[in-house]
Amino acid sequence: MISPGDVIQLFPDHVANQIAAGEVVQRPASVVKELIENAVDAGATEVSLVVKDAGRTLVQVVDNGFGMSVTDLRLAFERHATSKIRKTEDLFSIHTKGFRGEALASIAAIAQVDAISKRNTDDVGNKLIIEGGIVRDQLPATAQIGTSISVKNLFYNVPARRNFLKSKQVELRHIQDEFLRVTLAHAAINFKFFHNDAEVYVLKAGNLKQRIVQVFGRKIDSQLVPVSEETEIVKINGFVGKPESAKKQRGEQYFFVNQRFIKNNYLHKAIADAFENLLPNQYVPSYFLFLEIDP
Ligand code: ADP
Ligand code: MG
């Protein structure tokens, strides 16, 4: 056997980002989730989601949040670049959605991205154009205060992933699921969602009950029973549906922990058990429950 010389090399950044992207971005809905969460983290009160072709050609999120400086706009797309944590201890008091600083770098590695941002202290905004993780251009641009990120042709440089996308209906369904999870968790924010230029949702800021009714329709209004409970470790708030509102198929089951959507069979079972004998077999109770715990 011949001993090798030095053979180990570091990946170039854009290759590392493409690999990391496999974890962060499964489908267009993942992009929707990351971009909307960033808008929420940026203190936006208005967030618009614009999607074309179930996210294959475009996922755009426009917010009126605090925006980014010209340097931050560039840095935001570097891996492990975040404004949300500075030291290890910060990990134990996270109040933002993001903190890993990986989403934008990952998304930009596998799409063509235009990002425009302007702070309320800036006279003019800035635009950054990135393709496959490589910065093509950065230039001043007219802009509203806030940030607009357009993700075009997702997976254009990873054909295997692009071919793996499901039908438009399925991808759109995933996008809608992600959208609704964030909008239910943040009833105080105005949200809009357009698909192929048609309005899908226009949700006005309000309280949780109003948001639930906007999303699921007037009929649900009289079906919601408020829940409010506080123990030493957890605060629980929200609504459960009256037994007669239960449906056979799943769909209106929402747990949030510190305003993040979660799925949890143990908690689901606890609710299902509480409804035992109140519901015919195979009916699932609806619930919108917010758990608050120390981060
Ligand atoms: P994370 O959210 O985990 O910090 P991201 O890659 O999603 O990582 O974003 C990187 C950084 O870019 C954020 O920490 C934030 O400072 C900035 N950023 C991203 N999106 C926005 C936005 N819509 N408005 C203002 N700043 C943003
Ligand atoms: Mg983020």
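Just the heavy atoms: all of them, side chains too, but no hydrogens, waters or symmetry mates, feed the values below. The first residue of the sequence shown is numbered 1, and numbering continues consecutively from there. Read the numbers this way: they start at 1 and go in the same order the structure lists the ligands and their atoms.
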Enquirer: Side chain to side chain contact (heavy atoms under 4.5 Å, CB included) between H186 and R211: does it pass, once the steps are laid out?
Expert: CA-CA 9 Å; H186 295 277; R211 179 58 47 94; 5.5 Å; no

Enquirer: I'd like the contact residues of ligand 1, where contact means a heavy atom below 4.0 Å.
Expert: N38, A42, D63, G67, M68, A76, A81, T82, S83, K84, G98, F99, R100, G101, E102, A103, L104, T147

Enquirer: With heavy-atom distances below 4.5 Å as the criterion, would you say the side chains of S148 and Q60 are in contact?
Expert: yes

Enquirer: For side chain to side chain contact (heavy atoms under 4.5 Å, CB included), just list the numbers for K166 and R27, CA-CA rounded to whole Å, side-chain angles, deciding distance to a tenth of an Å, and then say yes or no.
Expert: CA-CA 9 Å; K166 297 271 175 12; R27 49 175 17 120; 3.7 Å; yes

Enquirer: Between R181 and E178, is there a side-chain N and carboxylate O pair less than 4.0 Å apart?
Expert: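 A salt bridge links R181 with E178.
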
Enquirer: Kindly say whether the aromatic ring centers of F288 and F216 come within a distance under 6.0 Å.
Expert: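 Aromatic pair counts; centres sit under 6.0 Å.
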
Enquirer: Taking atom types as modelled and ignoring hydrogens, do the side chains of Y201 and Q214 form a donor-acceptor contact shorter than 3.5 angstrom?
Expert: no

Enquirer: With side chain to side chain contact (heavy atoms under 4.5 Å, CB included) as the test, pick out the partner of F239 among V225, I212, V227.
Expert: I212

Enquirer: Just checking R136: does its CZ atom have more than 12 heavy atoms from other residues, nucleotides or ligands closer to it than 6.0 angstrom?
Expert: yes

Enquirer: Hey, are E46 and N64 close enough side-chain-wise for a donor-acceptor pair under 3.5 Å?
Expert: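 There is no such pair (donor and acceptor under 3.5 Å, judged by atom type) between the side chains of N64 and E46.
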
Enquirer: Could you name all protein N, O or S atoms found under 2.8 Å from the Mg ion (ligand 2)?
Expert: N38 OD1

